[in-house]
Asks: 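Take this structure, written in structure tokens, and hold onto it; I'll ask about it next.
Reminder, nothing fancy here: chain letters follow the sequence lines and each chain counts from 1.
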Amino acid sequence: MSDDRAWPTRRAVLLTGTATLAILALQDTPAAFAQGAQETITGYEPVFFTNDEWIFVLAATDRLIPAEGEGPGALATLVPRFIDRQLAGNYGKALSWYMEGPHTPEASPLFGFQSALTPAETYRTAIAGIDAFCRDTHGKPFADLTPDDQDSVLGDLEADRITLKGVAASTFFEFLLANTREGYFSDPRYGGNSGMAAWVYIGFPGARASFREWVGQHNTPYPLGPVSIGGERA
Amino acid sequence: MARTEKKVDAVIVGLGWTGSVMGMELTDAGLDVVALERGPDRRTVPTFAYPKIADELRYAVRYDLMQRPADSTVTIRHHAGQTALPYRRLGCFLPGAGVGGAGVHWNGLCWRPNAEELRLKSYITERFGTGLMPEDMTVQDFGVTYEELEPYFDRFEKIVGVSGKAGNIGGRIEEGGNPFEAPRSSEYPMPPLEQTYDGLIFEKAARDLGYHPFPKPAANASQAYTNPYGMQLGPCNYCGFCERYGCLNYSKSSPQTCVLDALYQRQNFSYRPNAAVLRVELAADGKTATGVTYADAHGEEVFQPADLVLLCAFQLNNVHLMLVSGIGKPYDPSSGEGTVGRNYAYQMTGETTLFFKDIAFNPFVGAGASGMAIADLGLSRMDFAKNGFIGGGYPSSQQTNGQPIHNLPLPEGTPRWGASWKKAAGDHYGHSATIVLQSSNMPYRDCYLDLDPTYKDRYGRPLMRMTFDWRENELKQAAFFKDKIAEIGRAMGADSLTAAYPSGHFDTRPYQSTHTVGGAVMGADPGTSALNRYLQSWDVHNVFVPGANAFPQNFEYNPTGLVGALTLWAARAIRQDYLPNPGPLG
């Protein structure tokens, strides 16, 4: 099924752990291969999230980018660790954004972000509300729902069919989805995309940034795997 | 009480393209010049050095090189009956901040307008009569002609170092270039960049449809180049990190690569980063400026006296400085009086993505400004009466910045998350091409800039308020181009297409264009322009305001080529005519 793809060999390598020699033939420093890939999300101690919030984020990101099918999921790539670190830093505090009032969160979405809450405050407020909603409707918090029920709650948040206290459900959902994709595809220095597995999966070569000899090679799949800013290879 | 610095001959506000070129010109003339830049200092090394610049999250998603709304932003509303709301986080446009300004993070498309676009009102009237323009459309002539500006386009292209193929040299049509361009006095300084595969199939399809494709003029060096200032560019390595990034390779033209190291060597030039100019100070009679007041890195107010004030900030910030300083009369849309804030315009853009399951495009390979374009549907080629709208545009292929957080197009109907999204990401990354549209935006009586009554910046100044929406004219234009581009996309053999074009109210969220123009426009009539044809304030003669603020409407091309030429044109007027005899010009 993937015969027409640009990088079936590398993808197969990551998925099956076989054919390692095929990939090493393309690398200069095999020792660096898969460095960091053995890290797991269970070994990480969150710095921003409380324990309940962390359990929610693990469960929700696992539905946004699940492990099933080809390609790594959000948990294997440590996306929750990325989100935790982002929310603890400048992004979580909205340091670059104009946050002066008055705020008009009910304005037309065409005018963009108008909430008084920073991303960190948005997560904090929304997760408590979502778990309360799930307890009311299902008798248990989000993380304990079936995957189908979790998907249904996430879809309702996305479409603003759930009303949360203090924050619009879709405002939170859009942060969560954007941050999950960011954690999946950003450089591993930020804590996600562990082992650059998401880059390997889609065929993005990361920080290589030098293609003088490739620009004229039309419709020819690029053969090299990604490198990170820190110099890791996969 | 503000600290006062030693008086200089000229103070430059903002050290991007216009400020750096103006710096060269005025130091050439022997003036003592200081440039004040609100953002941080930036040099190729260390700021843009590999590998840390190859960081999509930091630069393309968190906008590390851009203006921070926390420091400076606008409020936006669609019409005067609404309450404007702050542009709290960056979305549809991305002003730069820091040394180099937006000249650091652009893609490098360096066009000239056609001759007709500089005298658009006259052209429309001559060709189509006076009845075609909607009553509230305030199209104007620039007050300067293409023929007058040609030497300055030529000079700016040599300073910047543009790679391209001329289509018209002195009236002779050149094979392989844009046959519809206005006559040029010389070929581009460098040959065109290499095309990625999407450019080749775009070119073939466009030609088959009867269009005249040509390589886009790119301020990305296709070979080693030394400019008139002695600055050296190295050949682009198609690194794929261009727009929103600084160039790691000395290949993308920027103030850093083309001007600043030459300027920094001059004894009569100095610059201060982290110096946010708060206002221009006027003499008691209001007819001349005495200098500018800025906040330094510690927030202390400093007065910088100067004989000449050059507002070289981003378009929006130039207009804001004029409004908060009382330079010229603020525009009032109900009476039509006043000029500062008048004729604000944006740029209408759109994008069609073409999916090809059997082609590997390697989207991470690309220069910022490579790609093939057609000018057959430009402003000067269109029958406005037949089309039912006044406008034109240029569709082009574009492969650049194929980084997956912000550039992972998926076919219509793909779920936004879950297992199907993940599968689609794996299936389609690297298997799509893009045709982008850039098109004109006409000005209207009710599209303007003024000061917001509610929201303030960190220095206590009112934010500037933007009143803007798409009009029927522009929405017809978007629909016209959407169809034309789909036709090209189908001719390219795509399996499927997705299209994103404005079809309703202005949406401030998705990135569209940083080509926000007007508000302090140039012209021949002080009743409808804030600046004369030399970019000099009609009201305060020692203030010049080069930038896209001077455009009375937006034509279809990227603004930098015209901004650069206008800056050199204004500099010539200052050197030859103003300095010997300071006062209102011409």
Asks: Just by modelled atom types, is the L110(A) backbone N or O under 3.5 Å from a matching donor or acceptor in the T508(B) side chain?
Replies: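 Side chain of T508(B) to backbone of L110(A), a donor-acceptor pair under 3.5 Å: yes, one is there.
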Asks: Considering residues at least two apart in sequence or located in another chain, which fulfil the side-chain hydrogen bond (donor to acceptor under 3.5 Å, both in side chains) criterion with T196(B)?
Replies: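 Partners of T196(B) under the side-chain hydrogen bond (donor to acceptor under 3.5 Å, both in side chains) test: D198(B).
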Asks: For Y238(B), is there any backbone N or O sitting under 3.5 Å from a side-chain donor or acceptor partner on R212(A)?
Replies: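 No, R212(A) side chain to Y238(B) backbone: no donor-acceptor pair under 3.5 Å.
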Asks: Which pair of non-hydrogen atoms, one from Y50(B) and one from A209(A), has the smallest distance, and what is that distance?
Replies: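 Heavy atoms only, the tightest pair is CE1-CB, 3.8 Å.
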Asks: What closest approach, in Å, do F211(A) and C239(B) show between heavy atoms, and which atom pair accounts for it?
Replies: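 Scanning both residues, the minimum pair turns out to be CE1-O, 3.6 Å.
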Asks: Output the residues of residues 88-95 of chain A for which the shortest heavy-atom distance to chain B is under 4.5 Å, in residue-number order; output 'none' if no such residue exists.
Replies: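 Listed by number: Y91(A), L95(A).
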Asks: More than 12 heavy atoms of other residues, nucleotides or ligands under 6.0 Å from NZ of K204(B): yes or no?
Replies: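 12 or below, so no.
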Asks: Under 4.0 Å between a Lys/Arg side-chain N and an Asp/Glu carboxylate O for E68(A) and K422(B)?
Replies: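 Salt bridge flag = no for K422(B) with E68(A).
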Asks: Which atom names give the shortest non-hydrogen contact between I202(A) and A425(B), and what distance separates them?
Replies: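 Taking I202(A) first and A425(B) second, the nearest heavy atoms are CG2-O, 3.7 Å.
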Asks: Do the charged groups of R62(B) and E182(A) touch, with an N to O distance under 4.0 Å?
Replies: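 Answer for the salt bridge query: yes.
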Asks: Sort C92(B) into side chain, backbone, both or neither according to what part of it lies under 4.5 angstrom from a heavy atom of chain A.
Replies: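 No part of it gets close to chain A.
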Asks: Closer than 3.5 angstrom, by distance alone: can the side chain of N362(B) be matched with the main-chain N or O of T220(A) as a donor-acceptor pair?
Replies: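 Pair found, side chain donor or acceptor close to backbone of T220(A).
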Asks: Can D187(A) and R58(B) be counted as an ion pair, charged N to O under 4.0 angstrom?
Replies: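 A salt bridge is absent here (no side-chain N lies under 4.0 Å from a carboxylate O).
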Asks: Identify which part of L64(A) has an atom lying under 4.5 Å from any heavy atom of chain B, answering side chain, backbone, both or neither.
Replies: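 Interface part for L64(A): both.
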Asks: What part of Q67(B) gets within 4.5 angstrom of chain A, counting heavy atoms only: side chain, backbone, both, or neither?
Replies: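 Neither part.
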Asks: Contact between P404(B) and Y184(A) at the side-chain level, heavy atoms closer than 4.5 Å - yes or no?
Replies: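 The answer is no, as the side chains (C-beta and beyond) never meet within the 4.5 Å cut-off.
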Asks: Once you round to the nearest 0.5 Å, how far does OG of S108(A) lie from NE2 of H505(B)?
Replies: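 The OG atom of S108(A) sits 8.0 Å away from the NE2 atom of H505(B).
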Asks: Looking just at side-chain N and O atoms, do R89(B) and Q114(A) make a donor-acceptor pair shorter than 3.5 Å?
Replies: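 Short answer, no.
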Asks: Is a side-chain donor-acceptor pair under 3.5 Å present for Y98(A) with D71(B)?
Replies: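 On atom types as modelled, these side chains do not qualify, holding no pair under 3.5 Å.
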Asks: Sequence neighbours left out, what passes side-chain hydrogen bond (donor to acceptor under 3.5 Å, both in side chains) with T122(A)? Give chain and number order.
Replies: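 For T122(A) there are no side-chain hydrogen bond (donor to acceptor under 3.5 Å, both in side chains) partners, ignoring immediate neighbours.
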Asks: How close do A107(A) and L85(B) get, heavy atom to heavy atom, and via which atoms?
Replies: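 A107(A) and L85(B) have their closest heavy atoms at CB-CD1, 3.2 Å.
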Asks: Can you tell me how far CD of E56(B) sits from CZ of F204(A), rounded to the nearest 0.5 angstrom?
Replies: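 Here the rounded value is 6.5 Å.
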Asks: With chain A, which of R68(B), K52(B), R509(B), R88(B) has the greatest number of heavy-atom pairs at distances under 4.5 Å?
Replies: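 Counting heavy-atom pairs under 4.5 Å, the top option is R88(B).
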Asks: Taking only residues two or more places apart in sequence or in another chain, which ones pass ring pair (Phe, Tyr, Trp, His ring centres under 6.0 Å) with W421(B)?
Replies: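 For W421(B), no residue satisfies ring pair (Phe, Tyr, Trp, His ring centres under 6.0 Å) once neighbours in sequence are set aside.
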Asks: Side chain from CB out, backbone as N, CA, C, O: work out which of these in L248(B) comes under 4.5 Å of a heavy atom of chain A, or both, or neither.
Replies: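 Only the side chain of L248(B) comes within 4.5 Å of chain A.
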Asks: Relative to chain B, which of G112(A), P109(A), A74(A) shows the most heavy atom pairs under 4.5 Å?
Replies: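 Highest number of heavy-atom pairs under 4.5 Å: P109(A).
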Asks: For H406(B), is there any backbone N or O sitting under 3.5 Å from a side-chain donor or acceptor partner on R181(A)?
Replies: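 Answer holds: no.
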Asks: Could you walk me through whether R416(B) and E158(A) pass side chain to side chain contact (heavy atoms under 4.5 Å, CB included), step by step?
Replies: CA-CA 10 Å; R416(B) 300 176 70 216; E158(A) 181 177 20; 2.8 Å; yes
Asks: Between Q86(A) and chain B, which part of the residue has a heavy atom less than 4.5 Å away: side chain, backbone, both or neither?
Replies: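 The answer is the side chain of Q86(A).
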Asks: Between F111(A) and Y87(B), is the ring centre distance below 6.0 Å?
Replies: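 Between F111(A) and Y87(B), the centre distance exceeds or equals 6.0 Å.
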Asks: Apply the side chain to side chain contact (heavy atoms under 4.5 Å, CB included) test between S186(A) and each candidate in D55(B), L57(B), V61(B); give the one that qualifies.
Replies: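 In the set D55(B), L57(B), V61(B), the residue that makes a side chain to side chain contact (heavy atoms under 4.5 Å, CB included) with S186(A) is L57(B).
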Asks: For L193(B), which atoms come within 4.5 Å of any heavy atom of chain A: side chain, backbone, both, or neither?
Replies: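 Answer is neither: L193(B) stays 4.5 Å or more from chain A.
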Asks: Quick check on the interface: out of M66(B), Q195(B), R458(B), who has the most heavy-atom pairs with chain A under 4.5 Å?
Replies: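 With the most close heavy-atom pairs to chain A, the winner is Q195(B).
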Asks: Decide yes or no for D151(A) and W417(B): does some side-chain heavy atom of the first lie under 4.5 Å from some side-chain heavy atom of the second?
Replies: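 D151(A) reaches W417(B) side chain to side chain.
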Asks: Would you please test Y222(A) and F364(B) for ring-ring contact (aromatic ring centres under 6.0 Å, His included) and show each step?
Replies: CA-CA 10 Å; Y222(A) 183 74; F364(B) 41 84; 5.4 Å; yes
Asks: Checking Y455(B) side chain against P102(A) main chain: does a donor-acceptor pair fall under 3.5 Å?
Replies: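 The answer is yes, because a donor-acceptor pair under 3.5 Å joins these two groups.
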Asks: Measuring from T73(B):OG1 to W97(A):CH2, what's the distance to the nearest 0.5 Å?
Replies: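 One finds 13.0 Å between OG1 of T73(B) and CH2 of W97(A).
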Asks: Would you check if the side chain of H218(A) reaches a backbone N or O of A360(B) as a donor-acceptor pair within less than 3.5 Å?
Replies: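 Here the side-chain-to-backbone pair does not exist.
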Asks: Just how far is it from atom OG of S96(A) to atom CG of L90(B), taken to the nearest 0.5 Å?
Replies: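 Between atom OG of S96(A) and atom CG of L90(B) there are 8.5 Å.
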Asks: Name the region of L408(B), side chain, backbone, both or neither, that has any atom closer than 4.5 Å to a heavy atom of chain A.
Replies: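 The side chain, not the backbone.
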Asks: Which atoms of Y190(A) are under 4.5 Å from chain B, going by heavy atoms: the side chain, the backbone, both sets, or neither?
Replies: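 Side chain only.
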